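Below: the structure, in structure tokens.
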2 protein chains.
Amino acid sequence: MISESVDDYLKAILELGGAHDERVTTNALAERLGVRTPSVTGMLQKLAAQKPLLVLYEKHRGVQLTAAGKRRAWELVRHHRLLELFLHDVLKYSWDEVHDEAERLEHFISERFEDRVSAILGDPEFDPHGHAIPRKDQSGVFRDEATLAEWPLHKPAIISSVSDRNAASLRELERLGLMPGAALIVEQRKSSGALAVRLDGGPEVIRVNKDLAFRVLVGNRQR
Amino acid sequence: MISESVDDYLKAILELGGAHDERVTTNALAERLGVRTPSVTGMLQKLAAQKPLLVLYEKHRGVQLTAAGKRRAWELVRHHRLLELFLHDVLKYSWDEVHDEAERLEHFISERFEDRVSAILGDPEFDPHGHAIPRKDQSGVFRDEATLAEWPLHKPAIISSVSDRNAASLRELERLGLMPGAALIVEQRKSSGALAVRLDGGPEVIRVNKDLAFRVLVGNRQR
DNA sequence: GTTAGGATTTAGCTATGCCTAAATTAGTTA
DNA sequence: TAACTAATTTAGGCATAGCTAAATCCTAAC
């Protein structure tokens with residue numbers, strides 16, 4: 001009943017819905033999923049019609065996840081992050097290689113696989129990118145962070161996580177030392193949107209372009 | 001271009017074709033794959049028409065794999081057996097739990113995943129059921145064995161592998177001690193097809209039903 | 001050599017999930 | 001309030017991979 005494609009819709013609705021599960025538009029979904037809007041409408045209509053009700057959909061008013069839909073979506077996020085950590089720590093994948101493989105496999109691993117992987121990793125809390133790994137039976141959301149792009153100047157920040165969507169960006173972030181746990185201060189915001197950032201209170205100031213800055217989530221608590 | 005479904009057809013053709021890649025019939029494929037014969041005909045026609053030619057198909061005369069088709073099929077077998085060993089040895093799955101998970105995942109793991117798993121397992125030669133794990137760039141076939149059901153009476157045999165298709169049978173085989181490496185002699189062949197088998201030259205004679213005996217492959221060389 | 005019967009293929013249908021083009025709706029903007 | 005525009009939905013197609021029912025082929029037995 002739940003295809004790979006449905007999985008992708010559920011994950012996208014979860015991620016686009018933000019901390020408060022706001023309604024997600026057809027357009028936003030189409031863009032995120034790389035399909036055309038009529039395909040989204042069609043899929044939402046089908047999802048909203050079928051038995052284990054996963055989404056609430058009203059035409060022209062967007063879509064939200066039901067409790068069941070949210071459960072499946074968080075399950076996928078858990079699978080993804082556990083797989084990333086497993087690929088990195090056990091199979092020795094590099095930081096930027098884990099995303100694609102995890103994205104493919106997250107749909108197909110069983111409960112047992114998930115449990116055993118979690119066990120051999122010591123029931124970890126964070127994936128290699130710093131994202132919290134949600135636990136079963138709670139939503140485990142971490143959304144009280146900001147992107148580096150919008151962090152105030154001169155306020156100390158700790159990188160809590162980075163987006164895992166793009167291998168080239170990840171390599172660049174790693175090269176710059178912008179990895180989870182790193183402490184930094186934003187010294188200056190250029191007109192282009194690029195940032196001048198001082199790492200670990202040291203003397204060096206590095207330039208972080210706008211696109212990259214949006215991939216870095218910061219807080220001010222060490223983990 | 002290669003769907004999960006195509007994968008299943010290729011594997012089935014490989015397995016049903018035997019040691020000499022004999023032509024496989026539409027009927028045999030339909031039965032093995034659990035689909036109706038017209039579905040098989042349709043798929044074979046499509047496969048035989050498309051660009052990376054995977055099968056040779058003549059209507060009413062069955063189907064065979066091309067070199068490319070064989071390469072993909074053996075790759076799947078390698079994936080399957082590596083995954084089984086990995087699930088058993090690393091994730092601590094029991095003997096009878098590995099098949100289904102491996103069957104699902106074998107389609108989706110990457111070259112890199114395959115290589116890394118093989119590496120952490122020490123580039124193993126056999127899976128937990130005793131089947132040889134084929135290596136890249138060679139066909140690595142092991143087909144000089146016989147089923148226990150057809151082994152001569154009183155001739156010493158070593159179990160080389162067991163079929164991994166059925167969890168209940170696997171548990172029964174394990175309970176009886178019929179696992180890869182076990183030495184035995186067939187004492188008697190009942191009219192029902194059941195066997196009376198003496199394990200390790202000991203005094204105990206166990207009864208092995210016909211169905212089970214067909215799942216056990218034996219040779220007379222210790223591995 | 002004919003023919004019966006099983007094996008196989010053809011014909012035509014279903015569902016999924018995507019597409020383009022055209023219609024419609026909703027929400028601003030004059 | 002009327003109209004414009006952008007977002008969204010409807011309508012109609014395509015490919016995949018399955019299905020049933022009906023036609024056809026091949027072979028083996030007479």
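Here is the naming used below: chain letters follow the sequence lines, and residue numbers restart at 1 for every chain. Keep in mind that what you see is a predicted model, and the values were worked out from it rather than measured. What you see below is based on every heavy atom in this structure, not just the backbone, and it leaves out hydrogens, waters and symmetry mates.
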Shorter than 3.5 Å, N or O on both sides, protein versus nucleotides 12-14 of chain D: list them out with atom names.
none

Distances under 3.5 Å only, N/O to N/O: pair up the protein atoms with those of nucleotides 15-17 of chain D.
residue, atom, partner, partner atom, Å
dA17(D), OP1, Ser3(B), OG, 2.6
dA17(D), OP2, Lys46(B), NZ, 2.1

Check nucleotides 20-26 of chain D for protein N or O atoms closer than 3.5 Å to its own N or O atoms and list the pairs.
residue, atom, partner, partner atom, Å
dT20(D), OP2, Arg36(B), NE, 3.2

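Residues passing the side-chain hydrogen bond (donor to acceptor under 3.5 Å, both in side chains) test with Glu97(B) are Arg112(A), Ser94(B), sequence neighbours excluded. In this structure, the side-chain contact (heavy atoms from CB on, under 4.5 Å) partners of Thr25(A), at least two apart in sequence or on a different chain, are Asn27(A), Ala28(A). The ring pair (Phe, Tyr, Trp, His ring centres under 6.0 Å) check on Tyr9(B) picks up nothing, with sequence neighbours excluded. Asp7(A) pairs by the salt bridge (Lys or Arg N to Asp or Glu O under 4.0 Å) definition with Arg72(A), not counting sequence neighbours. The side-chain contact (heavy atoms from CB on, under 4.5 Å) test applied to Leu153(A) returns Val186(A), Arg189(A), not counting sequence neighbours. With sequence neighbours left out, Ala73(B) forms a side-chain contact (heavy atoms from CB on, under 4.5 Å) with Leu10(B), Leu14(B), Leu65(B). Under the side-chain hydrogen bond (donor to acceptor under 3.5 Å, both in side chains) criterion, Ser110(A) pairs with Glu101(B), not counting sequence neighbours. Partners of Phe113(B) under the ring pair (Phe, Tyr, Trp, His ring centres under 6.0 Å) rule, at least two apart in sequence or in another chain, do not exist in this structure.
The side chain of Thr26(B) places an N or O atom within less than 4.0 Å of a non-bridging phosphate oxygen (OP1 or OP2) of dT9(C). Residue Asn27(A) has a polar side-chain atom (N or O) positioned under 4.0 Å from OP1 or OP2 of dT8(D). Regarding contacts with the backbone of dT9(D), a side-chain N or O of Tyr57(A) is found under 4.0 angstrom from either OP1 or OP2.
Note on residues 46-58 of chain B: no pairs pass salt bridge (charged side-chain N to carboxylate O under 4.0 Å, His left out), not counting sequence neighbours.
Taking atom CG on Leu44(A) and atom C1' on dT16(C), their separation rounds to 15 Å, with Å as the unit.
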